[in-house]
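First comes the structure, then the notes that go with it.
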Amino acid sequence: MTNTSQSLFDRGMKVLVEGVSSASRGPATFGGAPRYMSHGQGSRLYDVDGREYIDWMMAFGALPLGHAHPAIVETITREAARGTHFATALEVEVEVAELLVGLLPHVDKVRFANTGTEAAMAAFRLCRGHTGRRKIIKFEGHYHGWWDAVLVNTNPYPPTLLGHPNDPIRIPDSSGIPEEAWKDTIVVRWNDFEALERAMKLHGADAACVVTEGVMSNMGVIPPKPGYLMRMQELCHQYGALFYLDETVTGFRLAAGGCAELYGLTPDITTYGKAIGGGLPMAFIGGRADVMAGLEWGKVLHFGTHNAGRLALHVTKTMLETMLADDQAGFRRIKHLGLTMADELRRVAKGSNRHNMVVQGVNSMFQIFFTDQPEITDFRDFCTHVDRVKFRNFVQRLFDKGIYMNPSATLHSLSAIVHTEADIAATARAVAEVLDEMP
Ligand SMILES: Cc1ncc(COP(=O)(O)O)c(C=O)c1O
């Protein structure tokens, strides 16, 4: 631990809950004081004691261009001088919406929000309003923000609490959530064709939507089995439930068109957050025209003082233009970097005969699992076979070697266009050293 971080943590604990503003940044995740960061540049973060880290967390994926990218800095400086937020109609709002609709074939219209949670809340309300149905079908281990109705089975549990795979024990992940809030939430095992068919037979006709992450991104990185998401889409059509693809993590990350492009999907409704804002709070709900029309005239209500903040919209526009330039070179670059980093980690893991581990990734996202399994394919595998304490110890040691990842095995690492081959080599070296040193 660095001295200034420790003293800031001691001060922070007196005035901030857990010394931070989100549990994932504090002692619940770090096991003690986190490193307090002072600034970032490119692929690097610097802590308050001046130590430098190669950042593979990139603000949970909010920074596809890395830290303090000159185009973003220029945009913020230019636009802040013209006023930060008006809460009025804006030209840039139309421009960014045009960009998004042009880019995402399944999106006819968008509505801007600020965070993934907010966008999801509006999307779920819209699904219920559009279909007149109450039930939401979600999957074990999938996170769609901290809203009451879907904050169910989002955390890893001991295997004894999982229940039968055909009927997962439903567990809200917070106190203060009344049962009425999640009584219409159906939880299903993910990546399991049979479980999905069964759940649809039982609940499909009453379901407003089936909501899924395209790549399971809140239990490390778990890709969908071939054809699984397409089957989900077909079943939604069969039962008249909306197919809701949550691209908060994967949007403008895995491809310019997100998981929908990667897996050939046409969701009825989708939400984006994180990367789209290029570091500023920005999110949107998008979908087919007839579904999105539900939001018109407040039929399904969605308000927000900070929706479509002009500063964030300008940054979104800059981020998109930068990533899309030269025939989407930015997306090709982060994919190449992510795949290369994952391959390097696999090479290092193979060379270490003392630790059982696998590296899983999709394009720019990757995660290391300490496990004796050849592969982690779902939430139950994760809960039963992934050593999360070991991962946290591993990441804590990496901090001392100048590598930054989130210490929670449920999260993942990401590449940004500013990472370099030298960053990958330095990270692989540090990981090899830590594996050598670690008990
Ligand atoms: C798939 C998914 N949906 C929604 C959210 C919520 O986004 P936010 O943290 O911006 O509220 C997250 C956050 O991690 C997420 O991973």
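Note: hydrogens, waters and symmetry copies are ignored here, and every other heavy atom, side chains too, is used. Along the sequence shown, the residues carry numbers beginning at 1. Read the numbers this way: they start at 1 and go in the same order the structure lists the ligands and their atoms.
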Please tabulate, line by line, the atom pairs linking an N/O of ligand 1 to a protein N/O at a distance below 3.5 Å, with the distance in Å to 0.1, or answer 'none'.
{"residue": "ligand 1", "atom": "3 (N)", "partner": "Y143", "partner atom": "O", "Å": "3.3"}
{"residue": "ligand 1", "atom": "3 (N)", "partner": "D246", "partner atom": "OD1", "Å": "3.4"}
{"residue": "ligand 1", "atom": "3 (N)", "partner": "D246", "partner atom": "OD2", "Å": "2.7"}
{"residue": "ligand 1", "atom": "3 (N)", "partner": "T248", "partner atom": "OG1", "Å": "3.2"}
{"residue": "ligand 1", "atom": "10 (O)", "partner": "G116", "partner atom": "N", "Å": "2.9"}
{"residue": "ligand 1", "atom": "11 (O)", "partner": "T117", "partner atom": "N", "Å": "2.8"}
{"residue": "ligand 1", "atom": "11 (O)", "partner": "T117", "partner atom": "OG1", "Å": "2.5"}
{"residue": "ligand 1", "atom": "14 (O)", "partner": "K274", "partner atom": "NZ", "Å": "2.9"}
{"residue": "ligand 1", "atom": "16 (O)", "partner": "N218", "partner atom": "ND2", "Å": "3.0"}

> Any idea which heavy atoms bring L324 and A256 closest together, and the distance?
Replying inline: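 Minimum heavy-atom separation between L324 and A256: CD2-CB, 4.1 Å.
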
> Do the side-chain N and O atoms of W147 and T117 include a donor-acceptor pair separated by under 3.5 angstrom?
Replying inline: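 On atom types as modelled, these side chains do not qualify, holding no pair under 3.5 Å.
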
>> Below 30° counts as parallel, above 60° as perpendicular, anything between as tilted: where do the rings of F399 and Y53 land?
In response: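 F399 vs Y53 ring planes: perpendicular.
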
> Is it true that F370 and F394 have ring centroids separated by less than 6.0 Å?
Replying inline: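 They qualify: ring centres under 6.0 Å apart.
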
>> Please confirm whether the ring centroid of F379 lies under 6.0 Å from the ring centroid of W190.
In response: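 Centroid distance F379-W190: not below 6.0 Å, so no.
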
> Which pairs count as salt bridge (Lys or Arg N to Asp or Glu O under 4.0 Å) when at least one residue sits in residues 185-198, sequence neighbours excluded?
Replying inline: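 Of all non-adjacent pairs touching residues 185-198, those that pass salt bridge (Lys or Arg N to Asp or Glu O under 4.0 Å) are R189-D192, R189-D378, E197-R231.
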
